[in-house]
Amino acid sequence: MSGQTWQPAVYAALKAARITQLAYVPDAGHAYLIEQAHADPDMEAVVLTTEEEGIAMAAGAWLGGQRAVLLMQSSGVGNCINMLSLPLNCRMPFFTLVTMRGEWGEFNPWQVPMGSATPAVLGAAGVHCRRVDEPKDAAEVVAYSAALAFDSAVPVAVLFSQRLIGAKVFVK
Amino acid sequence: MAKLNRISTHNLPEAVLDRREAVPALIPRPRDWLVVAGLAGSAQELCAMTDDGPNVFGLGGAMGAAPMMALGLALAQPERRVLCITGDGELLMNLGALATIALLNPPNLRLVCVDNGKYGETGNQDSHTGLGVRLDQIAAGAGIPATFAINTADEIAEGRRLLETESGLCFVLLRVKEGPALKRPRSLRPHVVRDRFRAALLPA
């Protein structure tokens with residue numbers, strides 16, 4: 001239910017940052033943003049087969065004068081590592097919102113290794129990380145992180161903690 | 001070492017084209033396009049064909065990036081024609097990009113794969129296409145609305161027509177024999193290529 005409070009403000013922050021291409025691999029934690037993007041005539045919503053596609057797409061968008069964001073889950077971070085050499089080497093902006101798994105209330109052991117490694121792996125790959133634990137901080141962190149990415153032309157990830165998203169419950 | 005399964009290639013003629021002639025014949029006006037060129041041969045070739053022109057963003061790494069970079073560029077610049085040119089090795093690394101691009105179906109994007117069936121930069125090992133994998137059929141299966149494979153010099157004109165005259169997303173497979181690409185010294189400083197590309201394209 002937390003999506004009814006902070007997620008609209010996050011979408012508004014993406015719009016305010018003049019982002020017009022939103023790439024994603026489907027994820028429950030990002031479901032609100034994905035729905036908004038598809039409903040928004042001024043946003044290109046691009047569903048990917050794997051997360052690294054979104055890094056390349058964002059680089060092309062920026063070459064063409066537009067701004068992109070990549071929405072993914074912490075498991076997808078592991079798919080991205082070599083492709084991060086593109087924005088790093090070219091000193092291009094890259095902005096991603098990552099929903100964390102493998103932490104608060106995780107039920108699935110397969111989410112734990114990459115979830116635990118995500119901040120260290122992103123840091124080692126040269127990506128600036130910001131973490132959101134409280135709903136009241138989400139939109140502000142997204143806004144300032146987007147400004148960092150696009151004003152300083154660096155890669156920036158905002159990690160939405162699993163407690164913020166709400167632990168996923170599967171009926172097995 | 002286990003023997004690789006060579007896929008039946010009875011419908012696949014031997015590659016005869018020399019890329020140094022076939023690529024310029026397929027793309028006679030390379031400066032008319034915004035070009036994203038994949039690492040190694042494709043990037044070298046397009047830089048040579050445009051005298052290291054500002055309309056070419058040639059990659060030197062990030063293998064698998066070119067098709068999706070071209071998609072982002074095509075979406076950002078709907079009034080310009082965008083060409084992705086890449087090799088079989090890079091395309092094989094990120095086949096899912098074909099599915100993603102087909103879903104978006106940008107009318108201003110063209111994909112060209114120069115397929116020499118080899119990993120030319122790493123010792124000329126056979127690539128999957130050299131063992132029979134058909135990238136044009138994969139592109140068609142992904143949903144790219146027009147696909148065409150060029151095996152002979154006579155077929156280049158139809159590929160050129162798809163790229164230049166037809167309006168809409170297409171995939172052209174250019175099968176070439178093993179051998180070097182056109183080459184000239186090019187900037188391997190990506191920030192220089194980046195600034196040059198944007199300065200030529202975007203208003204100050």
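Hydrogens, waters and symmetry mates are skipped; everything else that's a heavy atom, side chains included, is used. Please read these numbers as outputs of a predicted model, since none were measured by experiment.
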Checking side-chain contact (heavy atoms from CB on, under 4.5 Å) for the pair B/M69/A/L86: CA distance, chi angles, key distance, verdict? CA-CA 10 Å; B/M69 270 190 87; A/L86 180 57; 3.9 Å; yes

Interface moiety of [X] toward chain A, non-hydrogen atoms closer than 4.5 Å:
X	answer
B/A70	neither
B/L75	both
B/L59	side chain

Rounded to the nearest 0.5 angstrom, the CG-CE distance for B/L104 and A/M57 is 8.0 Å

Centre of A/W62's six-membered ring, under 6.0 Å away, within 45 degrees of the axis: is that where NZ or CZ of B/R194 sits? no

Kindly say whether B/M68 contributes a backbone atom to a donor-acceptor pair with the side chain of A/E53 at under 3.5 angstrom?
no

In short, B/A65 meets A/M83 closest at the heavy-atom pair CB-SD, 3.5 Å

Most heavy-atom pairs under 4.5 Å with chain B, out of A/T20, A/N82, A/L63, belong to A/L63

So, the part of A/A59 with a heavy atom under 4.5 Å from chain B: the answer is both

If you draw a 6.0 Å radius around [atom1] in [X], do more than 12 non-hydrogen atoms from other residues or ligands fall strictly inside?
X	atom1	result
A/K15	NZ	yes
A/E140	CD	no
B/R189	CZ	no
A/Y144	OH	no

Scored by heavy-atom pairs under 4.5 Å with chain A, the best of B/N94, B/L71, B/L201, B/V82 is B/N94

Within residues 114-128 of chain A, the residues sitting under 4.5 Å from chain B by heavy atom, in sequence order, are none

Expected contact set for residues 40-52 of chain A against chain B at heavy-atom separation under 4.5 Å reads A/E44, A/A45, A/V46, A/V47, A/L48, A/T49, A/T50, A/E52

